[in-house]
Structures are given as structure tokens and as C-alpha cells.
Amino acid sequence: MDNTEVSPFRIASTVKALSSALRGEPENEADVTHSDSGERVANEPEKLWFKESSAKNLRNRDFLSPNTVLTTLYADGQVPSVVLSRVLSLHGSGVLPVAGGEVMADGLRVRVDRPAAFKKVLCGMSTYLRPGAQRQGHVLLNCPSLHPRFTLPSPDTFTLGQLRTILIADHLGALLRRQGYFVSFCPVLPEESDIIIFLQMLGIDWPTVPGSWTNEERQEKIKKALENSPFRETESERGNRTSKREEIEGDGRCKTEEVKINLKRVVQETELHGYDPSLGTCTVQKDSISHLAHLDRATAELPVSKATVIHVTSCQDEFRQQQTAMLWRASGAMATQRFVVCGPVKTPGAQLSSAQYLQLRRAQMKEASEMKYGDQVEGQTWDDIIRVMTSATVRFELLSTAHTSPVTLDVQREGGVSTKGPRGGVFVMYNCARLHTLFNSYEKGVEQGLYPEIPDGSELDFSALKEEGEWLLLFNYLIPFSELLDQSGQVLELEGGGARVNPKTEQVCRFLVSLSKDFSSYYNRVHVLGEPLPHLFNQMFCRLLLLRTLRELYHTALDSLNLPPIPQL
């Protein structure tokens with residue numbers, strides 16, 4: 001079978017092929033590599049093409065090689081006819097078909113064969129809803145904020161910054177599972193504990209153990225390993241050393257034996273990069289041993305060669321967690337350890353715990369729903385809807401900002417939340433529900449004999465999709481979604497990086513908000529279910545097929561946020 005027919009379209013593949021055609025190079029000379037942050041780096045040629053995304057520019061072009069590029073490549077910016085011919089006859093695996101192009105004042109414009117693109121994408125959408133490559137390996141996501149420090153965490157003491165780390169870990173885990181990784185979480189928590197019930201309210205399925213469970217044997221194992229560690233500091237090595245960061249646990253309560261580990265030497269001798277240069281010697285504490293015992297249990301059956309432990313921690317606790325990571329290494333652990341370090345959550349004018357924040361958002365969501373839908377907001381169905389909508393509000397508020405940046409929340413009671421308007425999670429869920437309503441209406445029309453069933457896509461003429469919003473939805477969202485899913489897995493595959501990783505966990509939320517704005521604009525402008533007249537059916541079916549695949553995209557993206565779709569709102 002011809003590979004150019006079965007490979008799904010990719011924006012990256014198309015840009016790569018366009019660059020090769022413009023330069024007159026074989027395609028493999030334009031390969032792309034990525035830096036530790038996921039950004040494109042130096043062995044890719046300078047960017048020769050730009051993918052358009054705005055509705056205004058998409059009216060006359062899909063890709064543009066700007067005049068500044070052309071004048072660099074060719075004398076006076078005149079594109080040779082042989083080069084133009086090569087661009088216009090572009091083809092290859094994953095490359096979008098070209099319908100035409102011309103050199104204009106702004107540069108070399110290229111237009112995609114849109115009917116052909118619609119047909120291939122909408123008739124094979126499953127390949128656009130999953131990552132382009134399946135990976136192998138084991139990832140353990142460790143959340144320091146859930147480890148007991150003298151007592152088990154409680155929703156009433158859990159800070160919003162700590163809640164943010166849990167939501168990021170939960171979302172990252174879902175993304176990595178889609179990549180093909182085996183993902184587990186640490187620590188395990190007592191079943192039916194307050195913190196587990198709180199996480200379940202947010203749709204987080206965290207691993208649990210019976211309330212009577214203990215990990216004492218592993219704690220003793222870790223304690224002995226540190227006592228016998230080659231990195232343990234001897235009395236003669238101590239001398240007059242002083243350190244402001246000597247203790248790994250706060251005020252030094254709950255001390256075990258006076259075991260001090262030289263963490264700086266651990267970093268140096270194991271040739272690790274990206275750790276705080278002020279890591280010195282620390283005294284091992286009881287709760288740090290408990291933390292390491294949980295890690296030891298979670299990785300006991302994982303193959304070391306394929307296991308990566310990612311500590312998802314707040315910026316305030318990064319130093320402490322680096323100490324813990326190096327203590328674990330000093331105890332003999334060999335797993336690769338990386339860090340996702342999250343910025344703080346700020347609430348000007350108020351100080352709320354995670355429990356209070358969730359309670360506030362739920363009350364605001366219920367009030368907003370009652371204002372819009374009145375007395376029908378009652379019963380178990382609406383309780384479930386409000387719970388999911390509250391979870392969506394919380395997740396989008398804490399995940400839509402790049403994880404390294406601070407988040408500022410308006411937690412004033414009068415601020416409220418809206419059931420409409422481009423305000424994050426509620427807006428996304430509302431537009432997903434609109435798609436359910438549309439297809440419910442269509443299915444009722446089929447039952448009543450108004451409309452036939454949607455035929456196979458191969459029988460449709462997609463040149464009927466001429467409204468600018470239709471191409472915008474396909475070109476900006478349906479085609480690129482698979483490449484967005486790929487990015488989290490690519491970050492873990494990079495070699496030689498520092499201790500931190502940048503999984504770009506904000507991208508799915510931002511993608512969904514942007515998609516919802518463009519879909520809402522289209523849906524408000526276009527009447528999808530037309531009159532039941534045979535000569536109008538082709539266009540209606542093309543639109544329904546487009547929106548059906550869009551609904552599947554919504555479901556896939558929301559699933560990575562552990563948010564079920566809402567059938568009504």
C-alpha cells in the first residue's frame with residue numbers, strides 16, 4: 001500500500017517538505033530535533049514557512065514563506081520557476097496536498113487542496129485522535145505534597161499550590177498513558193481518608209491501601225541503606241562545617257539516628273546536572289525515610305533501565321525535594337529522576353485552603369446554574385453536572401497557565417462563575433454539550449423520517465464545505481491535535497537534559513478554550529441542520545461529519561483532564 005495514502009496529514013511534515021522544496025534539498029536534510037524544553041533547535045534550518053491560523057489570513061493562504069525569507073534565498077527575492085513548480089507539486093508521507101500558490105507582495109503563498117484534506121481527515125479521524133507514535137517505558141509520578149509530614153495531608157490544610165501539583169500530575173499521567181507509557185503514582189494513601197474523598201470529588205483516581213497498611217519493613221531497609229551509604233558523612237569530615245540548609249525537614253523534629261549524607265558529593269560522583277549548587281550535607285529525618293520507602297515500594301517491580309521518576313513539586317518545595325531525590329540516590333536507587341516544578345497560586349485579598357476553594361467554586365457554579373436554568377436545577381443529575389462543572393472550573397483555572405508561572409485566582413465570592421462566555425472550563429464544557437444537543441436533534445430527525453442516516457464519507461462531496469469556519473476547525477484543531485499529544489512523550493525521550501522537564505501541561509486547556517471560541521463562532525453563524533430537502537443533504541452531511549469528529553476530539557481532550565462530557569447544559 002502506498003504510504004502517502006495511509007499516513008495521516010501532519011503540519012510538521014508539510015512544513016518540512018515545503019522547506020525542502022524551497023531549498024531544493026532532499027527531505028531528510030530538514031529533519032527536526034528538539035531541545036530539553038521541547039523547542040526546535042539549531043540543526044533545523046531557519047524557519048522558512050509559517051502556518052497561518054487566523055480566519056483573515058486563511059481566506060487566501062494556508063502557508064506563507066515571507067518576502068524576507070525569499071530575498072535571503074534568491075536574488076531580488078525572485079523565486080525560480082523550477083522551485084515554484086517543486087512547491088506546487090509537493091507530495092509525500094503526511095504532507096497536505098497543494099492546490100495552488102503564487103508569489104505576492106507578502107511572500108510565497110500556498111493553498112491546500114481543502115476538499116481533499118477534508119475527505120481524508122474526516123474519513124480517517126481515529127489517527128488524528130491519538131499520538132503519532134506509541135512509546136514504551138515506565139513513569140512514576142511522585143507528588144511530595146501528598147507524603148505525610150508528621151500527619152496525613154488534609155483538604156483543610158492543603159494549599160492551592162499543592163492542589164495545583166496534584167492536578168498537573170494527574171493530567172500528565174493521562175497524557176503519558178496515551179503515549180503508551182505505563183504510569184503509576186506515589187504515594188499510596190489510606191482508602192476512605194479525607195484527602196482521598198477530596199481528590200475523588202475532583203475526578204482524581206489516586207492509588208489507595210487499607211487504613212491498617214504500614215510500610216515499616218521498607219522504612220527499615222531505607223534507614224540501613226543510608227546508614228551504610230558511601231556518601232554518609234563521617235565525624236572527621238564534618239569539621240566545623242555549617243549550613244543553613246542542613247535539615248531536610250523543617251525544624252528537625254522526629255529525628256532518627258544522626259545520619260548525615262553529603263548530597264553535593266552524590267551529585268558530583270553520579271554526574272547529575274541541574275541540581276541546586278547549594279546542596280550540601282543534610283541530616284536524615286523520619287519523614288524523609290517514609291518518603292523514600294514509598295518511592296522504593298512504587299519502583300520495586302519497575303525495570304530500572306526504562307523507569308523514570310518525575311517529582312511534581314511546588315517551587316517552594318523544590319530544594320527539599322532535590323534533597324530527597326539525592327538521599328534516595330545515596331541509598332542505592334538508580335532510577336532516572338526528573339522534576340516538574342510548579343509556580344505558586346496567589347489569591348489576592350483572601351487566604352483559602354483547597355477545601356474552601358472547591359466549596360466556593362461549587363457554590364458559585366450552583367448559583368450561576370440556578371440563575372440560568374431556574375427550578376430545574378435539582379436532583380442527582382444536576383448534582384453530577386455541577387460536580388463535573390466545578391471540577392472543570394478548578395482544572396482550567398489551575399492548568400491553563402504554564403506550570404512554571406504563578407497563577408492568580410479571583411476568589412471573591414461576588415466574582416462568581418459564568419455558564420457562558422469564554423471563561424475556561426465552563427465555556428469548554430458548554431460547547432461540548434452543544435454538540436451533544438445538535439446530534440440528539442439530528443437523531444430525532446432521523447427517527448421521524450426527516451433526514452437519512454449520514455452516509456459513508458467516501459460518498460460525499462466535501463467541496464460543499466466553503467464556510468471559513470469549517471476549514472479553520474480542521475486546519476487549526478483536528479489536524480494538529482495528534483502532534484499536540486506527541487509533545488509530552490518527546491520531553492521524556494530527550495537525553496542529556498537537566499533535572500527539570502517542561503511537559504507543557506497547559507497546552508490541552510488552552511487548545512480547548514481556543515477551539516471552543518472558534519466552534520462557538522461557527523455554530524452561532526451557521527445553521528447545520530437544514531431543511532429536509534435532498535439537494536441540501538450533501539452539505540448538511542459534510543458539516544455533521546466535521547462536527548462529529550470535533551465531538552470526538554472534545555471527548556479525547558477532556559478525557560486527558562479526567563473530565564467526562566456533559567450531555568446537557
Side-chain angles (χ1 to χ4, degrees), residues 1-23 25-35 38-41 43-45 47-53 58 61-65 86-99 101 110-135 175 178-180 457 462 470-491 493-494 504 507-508 510-511 514-515 546 549-550 552-553 556-557 560:
M1 185 177 290
D2 187 346
N3 195 43
T4 62
E5 291 298 314
V6 298
S7 298
F9 294 135
R10 294 283 184 261
I11 300 300
S13 299
T14 304
V15 170
K16 172 183 170 182
L18 283 168
S19 297
S20 297
L22 197 61
R23 283 182 168 275
E25 301 170 333
E27 283 190 42
N28 60 9
E29 289 187 18
D31 285 344
V32 177
T33 59
H34 296 263
S35 70
E39 300 296 328
R40 300 157 84 88
V41 292
N43 70 332
E44 179 195 13
K47 195 161 188 177
L48 306 182
W49 292 88
F50 293 89
K51 173 195 173 294
E52 298 293 359
S53 58
L58 287 174
R61 62 182 185 257
D62 298 307
F63 296 95
L64 176 71
S65 183
R86 196 161 52 225
V87 168
L88 296 182
S89 60
L90 202 65
H91 66 278
S93 176
V95 177
L96 283 156
V98 174
V110 166
R111 297 183 304 279
V112 170
D113 183 341
R114 295 183 177 184
F118 273 118
K119 185 169 187 176
K120 182 172 178 179
V121 174
L122 299 182
C123 292
M125 191 56 208
S126 62
T127 59
Y128 295 87
L129 296 177
R130 59 175 184 257
Q134 286 292 293
R135 295 168 168 84
L175 290 174
R178 287 194 174 274
Q179 295 279 333
F462 287 97
E470 292 156 354
W471 177 245
L472 188 147
L473 291 172
L474 190 92
F475 194 54
N476 283 353
Y477 302 104
L478 294 178
I479 293 176
F481 183 62
S482 176
E483 294 173 87
L484 182 149
L485 293 177
D486 271 326
Q487 293 183 5
S488 56
Q490 292 170 349
V491 169
E493 293 178 341
L494 296 165
K504 298 185 182 296
Q507 288 190 336
V508 170
R510 291 181 177 180
F511 178 90
S514 179
L515 164 63
L546 171 66
T549 55
L550 195 68
E552 292 304 310
L553 185 152
T556 302
S560 76

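In this structure, Leu58 CG and Phe63 CZ are separated by 9.5 Å, a value rounded to the nearest 0.5 Å. Note that OG of Ser89 is 8.5 Å distant from CZ of Arg86, once rounded to the nearest 0.5 Å. One distance of note links OG of Ser65 with CG of Leu48; it measures 6.0 Å at 0.5 Å rounding. Here the straight-line distance linking atom CD of Glu552 with atom CG of Leu478 works out to 11.0 Å at 0.5 Å rounding.
Between Val121 and Ile479 the shortest side-chain heavy-atom distance falls below 4.5 Å. Considering only heavy atoms from C-beta on, Val15 stays 4.5 Å or farther from Arg10 through its side chain. Residues Leu550 and Leu515 have side chains in contact (heavy-atom distance under 4.5 Å, counting atoms from C-beta outward). In this structure the side chain of Arg135 reaches within 4.5 angstrom of the side chain of Asp486, judged on heavy atoms. Side-chain contact between Thr549 and Tyr128: absent, with no pair of heavy atoms (C-beta onward) separated by less than 4.5 Å. For the pair Arg130/Thr556, no side-chain contact is recorded, criterion being any heavy-atom separation below 4.5 Å from C-beta on. Using a 4.5 Å heavy-atom cutoff, the side chains of Trp49 and Val87 are in contact.
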Exercise for review: Test Leu90 against Val110 for side-chain contact (heavy atoms from CB on, under 4.5 Å), laying out the working first.
Suggested key: CA-CA 11 Å; Leu90 202 65; Val110 166; over 6 Å; no
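Applying the side-chain hydrogen bond (donor to acceptor under 3.5 Å, both in side chains) criterion to Lys119, with sequence neighbours excluded, gives no partner residue. Taking Gln487 as the reference, Gln490, Lys504, Gln507 meet the side chain to side chain contact (heavy atoms under 4.5 Å, CB included) condition, with sequence neighbours excluded. Taking Arg111 as the reference, Glu102 meet the side-chain hydrogen bond (donor to acceptor under 3.5 Å, both in side chains) condition, with sequence neighbours excluded. Every residue meeting the salt bridge (charged side-chain N to carboxylate O under 4.0 Å, His left out) condition with Arg178, not counting sequence neighbours, appears here in chain and number order: Asp559. By the salt bridge (charged side-chain N to carboxylate O under 4.0 Å, His left out) test, Arg114 pairs with Asp62, sequence neighbours left out.
Residues Val508 and Ala557 share a closest heavy-atom pair of CG1-O, 3.9 Å. When all heavy atoms are compared, the tightest approach of Pro115 to Asp113 is CD-OD1, 3.3 Å. The minimum heavy-atom distance between Gly132 and Ser482, with the atom names listed, is N-OG, 3.4 Å. Between Ile11 and Pro480, the shortest heavy-atom distance links the atoms CG1-CG, 4.3 Å. Scanning all heavy atoms of the two residues, the minimum distance from Ser53 to Leu472 falls at O-CD1, 4.0 Å. Heavy atoms only, all atoms of each residue included: Val95 and Ser13 are closest at CG2-O, 3.9 Å.
Aromatic pair Phe475/Phe9: ring centres not closer than 6.0 Å.
Judged as a salt bridge (charged side-chain N to carboxylate O under 4.0 Å, His left out), not a single pair has a partner in residues 88-99 (not counting sequence neighbours).
The aromatic rings of Tyr477 and Phe511 sit perpendicular to each other, their planes meeting at more than 60°, with 30° as the lower class boundary. Relative ring orientation between Phe118 and Trp471 is described as perpendicular, the plane-to-plane angle rising above 60° on a 0-90° scale split at 30° and 60°.
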